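What follows is one structure encoded as structure tokens, with my remarks underneath.
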Amino acid sequence: MRELNDQELRRREELEHLLQSGINPYPYSFDKTHDSTHILQNFKDDTADDFKNVAVAGRIMALRRMGKASFCHIQDASGRIQIYLRTGDIPNYDDFKLYDIGDIIGVKGYVFRTKVGEISVHGSELVMLCKSLTPIPIAKEGEDEAGNKIMYDAFADKELRYRQRYKDLVVNPQIRDVFVKRSKIITAMRRYFDERGWLEVETPVLQPLYGGALARPFTTHHNTLDTTLYLRIADELYLKRLIVGGFEGVYEISKNFRNEGMDKTHNPEFTMMEIYVAYKDVFWMMEMVENLLAHIAETALGSMDVEVAGQQISLKPPFRRLPLLESIKEYTGKDVSGLDTSALHTVAKELGVEIDPKASAGKVIDEIFSEKVEHHLVQPTYIIDYPLEMSPLAKKHRSKEGLTERFELFINGQEFANAYSELNDPIDQRQRLEEQSRFRAGGDDEAMTLDEDFLHALEIGMPPTAGLGIGIDRLVMLLTNQDSIRDVLFFPQMKRLE
RNA sequence: GACCCCGUAGCUCAGUGGUAGAGCAUUUGACUUUUAAUCAAAGGGCCGAUGGUUCGAAACCAUCCGGGGUCACCA
């Protein structure tokens, strides 16, 4: 164990003193009657009688001792409230010397207004509920001349905030709002699906073969079976097996794992929602997603308009639909339809898009789109009609040669969703996965593996199906106006400390 | 992976070659309506690590470790 500093040693001494006085510094429960915010909002001169006997509990966040009387602020899940303690009013006032900022206490008493009008609890009973042994990086709140709130000595070191999120949550309670919204967003999504009769399911995280996306996996080993297992990169192939089995609507909200770079929008484990609905196609899915996002925004935020990085974004349906090749024409002036691979490379060069000379036609189109188009797509836009070779699990377009029935949804210049009319022709699917195997053999370590069991399932027969994936973390970022994925994850991945 | 920036007290930060600093937090004393409480005093540091330059390094140089940011890679 590391060495204790003077403040930690002193707190342990206080703990000893409490024990010697017969006080349990870690008791079992406390009958709390009110949240701080409820009191602050509802205490009025004519309701004072309702607040003659309250019991509040929380962590001491500020402390002002004045000899025979003391004030402190405690923080509970709802907010903060001031406590007034006075010798004579509580039998154990002298013990209060042994209390510190950071301790969790319970106070019974009546609510009153101080001389300067702050609604406070006048304590008649004080209980230690948890002695805190290490000081928290306390921030003080104040006001500047203009009356704006300022924080003094805020706990601002991002590394420490991410590594010790518990401390961050105590000291910067406003960040809780992001996580509360995150929970509301996911709840709203679940309700929307459940109300339509689609079933929430769980499929394996540990998979003998990984598939359903193009990404490098995390690899692990199972001792008993003495076999390699992969952490899933997507749920897709298992959820489709359930549609084969006869379920007509299944969804899963779960962590996926991808062994790739980390940045503002990528964490190695992230939350994905995938849903598959039988007898539907990608056009139906576009309408569903519009309604879903509008519903979520209204339920979780109370508005379909969100502000992100200073821009107003409207999630009001319908969203614009723009074929991939047309989007390139619109934002670069180049018509790339019908061009062969070498002609595409020439266009990329003209546009100043650097690209691997061996890249396939689909890859070149994707690169041009990523560099020249994607960031323009601020308002929700469905990019549709993706080339076949970029979409090994999507059905061929019913009327457009060489394209698939697929969309990706872009908002604020980022990808939010990906959906297909799912490929259910087992022979076509086999050919496409065999092509992926050739890419893999050619050195593309993100190409898909061929999963015979999945193909076997398709041979049994999967009804026409629409499928969708939505990145939950990015959705939360959008709806809470956060520009880093780390700020919407409680515990983002960090390098291990030695 | 490349480049830029950062690492000093529990927290936020100053300190560009000559005895290690401030505010808050902490300790002691005073104070029965304070709210960045106030007043008086005190304690607290392997200056991220290792080498080097120098009479002398927190500072300059090199390497490493950790972090932040920008870009690249990556559907």
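Keep in mind it's a predicted model, so treat the numbers as computed, not measured. Convention: sequence-line order gives letters A, B, ...; per-chain numbering from 1.
On a pure distance criterion of 3.5 Å, no polar donor-acceptor pair joins the side chain of Thr87(A) and the base of U32(B). Side-chain to base pairing of Arg406(A) with A75(B): one donor and one acceptor N or O lie within less than 3.5 Å of each other. Residue Glu118(A) places no side-chain atom within donor-acceptor reach of the base of U33(B), judged by atom type and a 3.5 Å distance cut-off alone. Side chain Gln7(A) to base A25(B): a donor-acceptor pair is found below 3.5 Å.
One atom, CE of Met61(A), and another, P of A36(B), lie 16 Å apart when rounded to the nearest Å. At whole-Å resolution of the value, CD in Gln82(A) and P in A36(B) are 11 Å apart. Atom C1' of nucleotide A75(B) and atom CD of Gln414(A) are separated by 13 Å, given to the nearest angstrom. Between the CZ atom of Arg161(A) and the P atom of G10(B) there is a distance of 21 Å, rounded to whole Å. Regarding Ile81(A), its CD1 atom lies at a distance of 15 Å from the C1' atom of U34(B), rounded to whole Å. Whole-Å rounding puts the Ile83(A) CD1 to U34(B) P distance at 17 Å. Here C31(B) presents its P atom at 11 Å from OH of Tyr93(A), a figure rounded to the nearest Å. For Arg65(A) and A36(B), the CZ to P distance is 18 Å, given to the nearest whole Å.
Nucleotides U34(B) and G43(B) place their P atoms 32 Å apart, quoted to the nearest Å. With both ends at atom P, the span from G17(B) to U28(B) equals 41 Å, rounded to whole Å. Rounded to a whole angstrom, the distance from the P atom of G56(B) to that of A20(B) is 16 Å. Across the C1' atoms, G7(B) and A14(B) are found 15 Å apart, a figure rounded to whole Å. Taking the C1' atoms as reference points, U26(B) lies 9 Å from G10(B), given to the whole Å. The gap from the C1' atom of G48(B) to that of A59(B) amounts to 15 Å, rounded to the nearest Å. To the nearest whole angstrom, the two C1' atoms, one in U70(B) and one in C61(B), are 26 Å apart. Taking atom P in both C60(B) and C47(B), the straight-line distance is 16 Å, to the nearest Å.
Mapping Leu63(A) and Phe71(A) onto RNA chain B by nearest heavy atom places Phe71(A) at the nucleotide closer to the 5' end.
Which of U34(B), C73(B), U26(B) sits closest to the side chain of Ile101(A) comes down to U26(B). The listed nucleotides are U33(B), G67(B), G69(B); the one nearest the side chain of Lys264(A) is G69(B). Minimum atom distance to the side chain of Met66(A) is reached by U33(B), of the listed U33(B), A75(B), U27(B). Between C73(B), C11(B), U33(B), one nucleotide has an atom nearer to the side chain of Asp263(A) than all others, and that is C73(B). Ranking U34(B), C11(B), A75(B) by closeness to the Thr114(A) side chain, first place goes to U34(B).
Using bins of under 30°, 30° to 60° and over 60° for the plane-to-plane angle, the ring pair Phe257(A)/Phe218(A) lands in the perpendicular bin. The aromatic rings of Tyr84(A) and His122(A) sit perpendicular, their planes meeting at an angle over 60°, well past the 30° parallel limit.
Counting non-hydrogen atoms under 4.0 angstrom, Asp483(A) reaches nothing in the nucleic acid.
Look at C64(B): its Watson-Crick or wobble partner, with both distances under 3.5 angstrom, is G48(B). Across every strand in view, C55(B) sits in a pair with G18(B) that passes the Watson-Crick or G-U test at under 3.5 angstrom. Under the Watson-Crick and G-U wobble criteria, each requiring two contacts below 3.5 Å, nucleotide C39(B) is paired to G29(B). For U34(B), there is no paired base (Watson-Crick or G-U wobble, both distances below 3.5 Å). In this structure C3(B) sits in a base pair with G69(B), meeting the Watson-Crick or G-U test at under 3.5 Å.
When side chains are defined from C-beta on, Ile365(A) counts as touching Pro387(A), because their heavy atoms get closer than 4.5 Å. Between Asp385(A) and His397(A), the closest side-chain pair of non-hydrogen atoms falls below 4.5 Å. When side chains are defined from C-beta on, Ile384(A) does not count as touching Phe283(A), because their heavy atoms never get closer than 4.5 Å.
OP1 or OP2 of G67(B) has at least one side-chain nitrogen or oxygen of Arg163(A) nearer than 4.0 Å. Close to C11(B), at under 4.0 Å from its OP1 or OP2, lies no side-chain N or O of Lys167(A). For Arg10(A), a side-chain nitrogen or oxygen approaches OP1 or OP2 of U27(B) to under 4.0 Å.
Thr37(A) and Asp35(A) share no side-chain donor-acceptor pair at under 3.5 Å.
The distance between the ring centers of Phe407(A) and Phe319(A) does not fall below 6.0 angstrom.
Closest heavy-atom contact between Gly212(A) and Glu236(A): O-OE1, 3.4 Å.
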